[in-house]
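See below for the structure under consideration.
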Amino acid sequence: MGSSNIDIMSSLSLLAFAGLLYILSGDFPHAAAGYPHALLGLLAGLAIIQLATAIVRRKRQALSSKAPASGDNRAAAPKGLPARVLLTGVSIIGYVALIPVLGYAVSTLVFLLGLMWLLNPKHSVLWVYAGVAVASTVVLYISFGRFLSVWLPKGILF
Amino acid sequence: MAGALTWILAAMSWQNLLAGFLGVVLGVIFGALPGFTAAMGVAVLMPFTFGLSPTTGLMLLAGIFCGAIYGGSISAILIGTPGTPSAAATVIDGFEMARKGQAADALREAIVASYIGGTFSAICLAFIAPPLARFALKFGPPEYLLLAIFGLTIIASIAAKSLLKGIIAGVLGLILGAVGMDPLLAYPRWTFGIPSLVSGVGLVPALIGLFSIPQVLSMVGDPETRIKEYSGKVSGRRWPTFKELKEFSPIYLRSSLIGLFIGALPGAGGSIAAFLGYNEAKRFSKHPEKFGTGIREGVAAAEAANNAVTGGALITMLTLGVPGDSVTAIMMGALLVHGLRPGNELFTASAHVIYPFLVGLIIVNLMMLLVGIYAAPYAARVTKTPVSMLAPIIVALCVMGAYAVNNDIMDVWVMLFFGVVGYLLKCGGYITIPIVLGVILGPILESNLTRLLTITQGQNILMYVLSRPISVVLLLMIIASLAWPVIQLRSVTARRIAEVAD
């Protein structure tokens with residue numbers, strides 16, 4: 001996706017975000033609403049400027065035979081392998097959702113071993129991953145839970 | 001003279017040295033753990049000081065304070081996640097250095113700069129504490145408001161490549177900083193019925209999310225963004241050369257002064273000092289375009305400033321009994337437990353306690369230097385860890401760090417929210433530092449704007465602000481900060497035109 005399209009999409013998302021927050025601030029008392037409303041107005045204004053700039057840039061690119069344009073302010077976005085990114089993202093969300101159910105220790109162990117395996121599924125290193133996952137969980141559990149007195153969430157096991 | 005020698009000898013008793021050393025080691029570990037701040041470290045160990053002599057107890061706490069502020073730079077450099085909010089500015093160049101395979105150099109620069117900043121502020125604490133404390137108390141709502149605006153002008157230099165996107169990210173940060181109770185009516189804004197959001201978005205979960213999650217996702221998604229392995233030897237050069245120290249001395253001095261002064265302002269904090277120090281180093285640099293690409297000057301500027309905050313924060317607490325931040329508030333509690341009352345009396349009636357402590361603060365910084373210098377090459381070996389192992393461990397550490405702030409799983413979800421926002425913005429070509437600035441400075445800006453409007457009811461605000469000399473200076477600094485990138489751009493353009501003409 002070209003940077004103009006990314007900018008158009010992000011501008012529209014920012015406008016939607018500003019609009020949503022404005023609606024959600026409908027019941028704020030006048031004195032509490034002034035500052036956030038000013039910021040939302042500023043955000044919407046800046047998003048509109050970015051949108052207009054991106055549309056003009058895209059039109060110029062369309063007119064020009066060169067694609068993408070040499071002066072394209074391309075975003076330094078991570079190129080990425082979406083599947084691995086998506087997998088990691090879903091694993092992280094699943095991990096946090098599991099903590100109240102399985103407890104901190106078990107869910108951390110499952111998450112560490114699972115994600116390590118998913119990122120590099122080789123049988124030869126599985127035992128290394130298992131060792132690292134167990135050691136990391138034990139170190140985190142003891143250092144935070146015991147030494148630093150953090151009240152770790154407990155689950156169905158412990 | 002004899003008194004000074006007595007204090008030095010008292011500070012160097014084996015109990016005090018052991019307490020200071022333990023404090024430094026524990027502080028560095030606390031600081032390096034994302035989410036575990038200096039305040040939490042000091043709070044955890046404060047009960048242990050009750051059985052110690054006042055000077056020994058204070059040295060233990062000072063060791064944790066100084067060590068944790070430095071320790072935050074270790075994770076900032078190695079995994080791109082600041083261990084403490086104070087190290088947020090260190091990520092900009094420190095992590096880029098690590099990605100270029102210069103992790104040990106970045107860590108060495110961080111510890112040297114931290115030592116210089118910390119020692120400078122400790123010496124200032126011993127000699128100029130009372131006048132600086134009185135000056136800091138002259139800061140009222142207009143000065144804090146202008147200081148926050150001055151902090152936001154950093155966006156202009158950090159986001160020079162795409163100013164519009166930088167400003168948008170800054171405004172987003174300010175909006176997220178407005179979540180929670182408003183300062184006038186205490187009305188909960190955008191809290192969605194979640195109790196932990198009533199006091200606002202937690203800075204630590206937000207920072208962890210903004211820095212670590214996008215970094216982890218980039219790390220697993222794109223091999224090019226992986227950290228380059230540190231190839232140096234553990235037995236390699238540990239100490240900086242005299243030439244390097246001389247070359248960076250203006251940066252150290254400038255950042256130390258900024259850190260000392262910001263530290264003395266109640267409520268300002270190390271993160272603001274580090275960003276201001278970084279910005280000023282960039283502004284005075286002959287090659288500002290290299291900042292953000294992984295250069296030692298960037299690390300030096302941020303680290304000297306944030307460690308200089310330690311002495312500054314103690315100034316107002318020890319001389320006036322006004323704690324500048326949560327760490328000094330806890331330390332003040334320790335003083336009171338030992339029957340010591342902050343104020344002038346502390347420097348007269350309790351001189352036998354406080355002066356050895358001030359000497360001890362200098363010693364603690366020296367210990368921090370030794371620990372940091374010898375640990376840096378070993379810490380840099382983290383970059384040798386394969387991404388398939390490193391990424392899940394970073395996530396587990398960040399989840400724990402976000403949770404440990406309030407023992408609340410909601411903070412972990414806040415961290416994930418900021419992580420997703422940070423990643424999406426990164427994909428869109430936005431940088432996350434302006435969001436951090438917005439979240440940090442937003443509440444200061446709004447609360448002081450509200451106070452200023454309340455004070456000046458019916459008056460001309462501009463005339464009120466202009467009637468205060470410190471405000472005028474800050475106003476001029478804001479104008480200079482905004483004008484400087486334009487002046488710099490024009491001079492670079494003129495230089496290029498001249499080069500082409502030649």
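This is a predicted model, so every value here is computed, not measured. In the text below, chain A, chain B and the rest are named by the order of the sequence lines, each starting its count at 1.
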Should the pair A:Phe28 and B:Trp190 be assigned to parallel (<30°), tilted (30 to 60°) or perpendicular (>60°) ring geometry?
-> tilted
Salt bridge present between B:Lys165 and A:Asp7 (N-O < 4.0 angstrom) | yes
What's the spacing between A:Leu126 CG and A:Met116 CE if we round to 0.5 Å?
-> 11.0 Å
Is the backbone of B:Met410 close enough, under 3.5 Å, to the side chain of B:Asp408 for a donor and an acceptor to pair up by distance?
-> yes
Proximity breakdown for B:Leu184 and chain A, heavy-atom pairs closer than 4.5 Å | side chain
Region of B:Val216 that comes under 4.5 Å of a non-hydrogen atom in chain A = side chain
Nearest 0.5 Å, what's the CD1-OH distance between A:Ile6 and B:Tyr430?
-> 10.0 Å
Under 4.5 Å from a heavy atom of chain B, the part of A:Ile99 involved | side chain
Which portion of A:Ser25 sits near chain B, non-hydrogen atoms under 4.5 angstrom | both
Take atom OH in A:Tyr22; do more than 12 heavy atoms of anything else shown fall under 6.0 Å from it?
-> no
Given the options B:Leu397, B:Leu185, B:Val179, B:Ile431, which has more heavy-atom pairs under 4.5 Å with chain A than any of the others?
-> B:Leu185
Quick one: what part of B:Leu174 sits under 4.5 Å from any heavy atom of chain A, side chain, backbone, both or neither?
-> both
Contacting region of B:Leu424 [heavy-atom separation from chain A under 4.5 Å] = neither
Is it the backbone or the side chain of B:Ile168 that comes under 4.5 Å from a heavy atom of chain A, or both, or neither?
-> both
With a 4.5 angstrom heavy-atom cut-off, which part of A:Ala133 approaches chain B: side chain, backbone, both or neither?
-> neither
Donor-acceptor contact present, side-chain B:Arg189 to main-chain A:Ala33, <3.5 Å = no
Engaged part of A:Leu113 at the chain B interface, taking heavy atoms whose separation is under 4.5 Å | neither
Structural part of B:Leu26 lying under 4.5 Å from a heavy atom of chain A | side chain
Chain A contact via B:Leu164 - which portion, at a heavy-atom distance below 4.5 Å | side chain
Indicate whether the side chain of B:Thr432 and that of B:Lys426 have a donor and an acceptor atom separated by less than 3.5 Å.
-> no
Exam field: side chain B:Asp411 to backbone B:Pro205, donor-acceptor pair closer than 3.5 Å = no
Heavy-atom proximity to chain B below 4.5 Å, by part of A:Leu152 = both
Against chain B, label A:Val96 side chain, backbone, both or neither, depending on which of its atoms sit under 4.5 Å from a heavy atom there.
-> both
Is it the side chain or the backbone of A:Leu21 that comes within 4.5 Å of chain B heavy atoms, both, or neither?
-> both
So, the side chain of B:Ser388 versus the backbone of A:Asn120: is there a donor-acceptor pair under 3.5 Å, distance only?
-> no
